Amino acid sequence: MDNSDSIRALVSVHDVMPETLEQVQTLLERLTAAGISAVTLLVVPGADWTPAAIDTLHDFERRGYELAGHGWRHRISRIGGLRHRLHATLISRQVAEHLALDALGIVALMKRCHAWFLEQGLRPPSLYVPPAWAMGRIERSALADLPFLQYELFSGILSAQTGRLHPMPLLGYEADTAGRAPVLRLWNRINRHRARTVGWIRIGIHPHDLDLRLAEDLEEDLQRFSIHAEYGAVDAEADQRCRLVTSARSPSAADSSISNTRSNPR
């Protein structure tokens, strides 16, 4: 039995950079048309941001979108060992920058990422998502001392305050080669099934997904999952204080109904 109507979805748009803003705008228009306004935008601070592009990020905030940190440059300059080489070959290619760093380097990167938002006059992000969801060689206990409140890993959402990992299925659509399409389609089928038990699912969208081989699958999933929440609602549910979001037709119209469970001050 398909109980998608009771599954809560976290929707994120990855790789927000100056060179992808046009595609991000198109995705947001499509999400708005689907009635989805609870959307988190994963911003890459170390890209070549111009004043005009920064203004676009401020506009995203004014429209009710949440901004999150997403690495620094979203690309690597070297391979950090055999594990990283395998990960790059099978999953991440040249973007998993954490895997090329030791623990101190990862901490420095994340602190620099968080500080960048404040330097641009943006709200301090509460969520951090490492590129390719690969956190790398850092102990979870070390994350509690960093300024982020949540971390999205490949396996789920990690609360920095409690150290609790909330396992959560993940859907992806970045099928830019013929070989990736059947693998991702099978992966997504398995995770839709898992979501029936977990009650949550993550929909991770990349800027060019509407032009790739799983675009139709993405469109179907946007229709399939009709209850949307902010990432902060994951921790709030653990405290029995979760307020879910059924997105309004536009972000501005949804401002008054979006979950207020964020722990970081606005």
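All values below were derived from every heavy atom in this structure, side-chain atoms included, with hydrogens, water molecules and symmetry-related copies excluded. Note that this is a predicted model, so its numbers are computed, not measured.
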**Asked** Which pairs count as side-chain hydrogen bond (donor to acceptor under 3.5 Å, both in side chains) when at least one residue sits in residues 211-223, sequence neighbours excluded?
**Response** R30-E219, Y173-D221, R185-D217, R192-D221, D221-R224
**Prompt:** So, D15 side chain and L42 main chain: donor-acceptor pair closer than 3.5 Å or not?
**Reply:**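 Between the backbone of L42 and the side chain of D15 there is no qualifying donor-acceptor contact (under 3.5 Å).
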**Asked** Any donor and acceptor pair, going by atom type alone, linking the side chain of H58 with main-chain N or O of Q120 inside 3.5 Å?
**Response**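 Present.
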**Residue list, side chain to side chain donor-acceptor pair (under 3.5 Å) with Y151, at least two apart or on another chain** = none
Side-chain touch [X]/[Y], heavy atoms, less than 4.5 angstrom:
X    : Y    : value
P125 : L67  : no
D176 : H208 : no
I227 : S6   : no
P207 : M17  : no
L21  : V16  : yes
F60  : Q25  : yes
V198 : P169 : yes
L41  : L28  : yes

**Request:** Find the distance between CG (L143) and CZ (R140) and round it off to the nearest 0.5 Å.
**Result:** 8.5 Å
**Message:** The criterion is ring-ring contact (aromatic ring centres under 6.0 Å, His included); which residues satisfy it with F225, sequence neighbours excluded?
**Reply:** none
**Prompt:** Do we see a donor-acceptor contact under 3.5 Å between the side chains of E66 and Y231?
**Reply:**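 No donor-acceptor contact under 3.5 Å links the two side chains.
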Listed pairs under 3.5 Å, donor-acceptor, residues 105-117 side chains, sequence neighbours left out:
none

**Prompt:** If you group Ile, Leu, Val, Met, Phe, Trp and Tyr whenever their side-chain heavy atoms sit less than 4.5 Å apart, what else falls in with I190?
**Reply:** L186
**Prompt:** Can you list the residues that meet the side chain to side chain contact (heavy atoms under 4.5 Å, CB included) rule with T50, with sequence neighbours excluded?
**Reply:** A52, A53
**Message:** Can you classify the ring geometry of H14 versus H70 as parallel (below 30°), tilted (30 to 60°) or perpendicular (above 60°)?
**Reply:** perpendicular
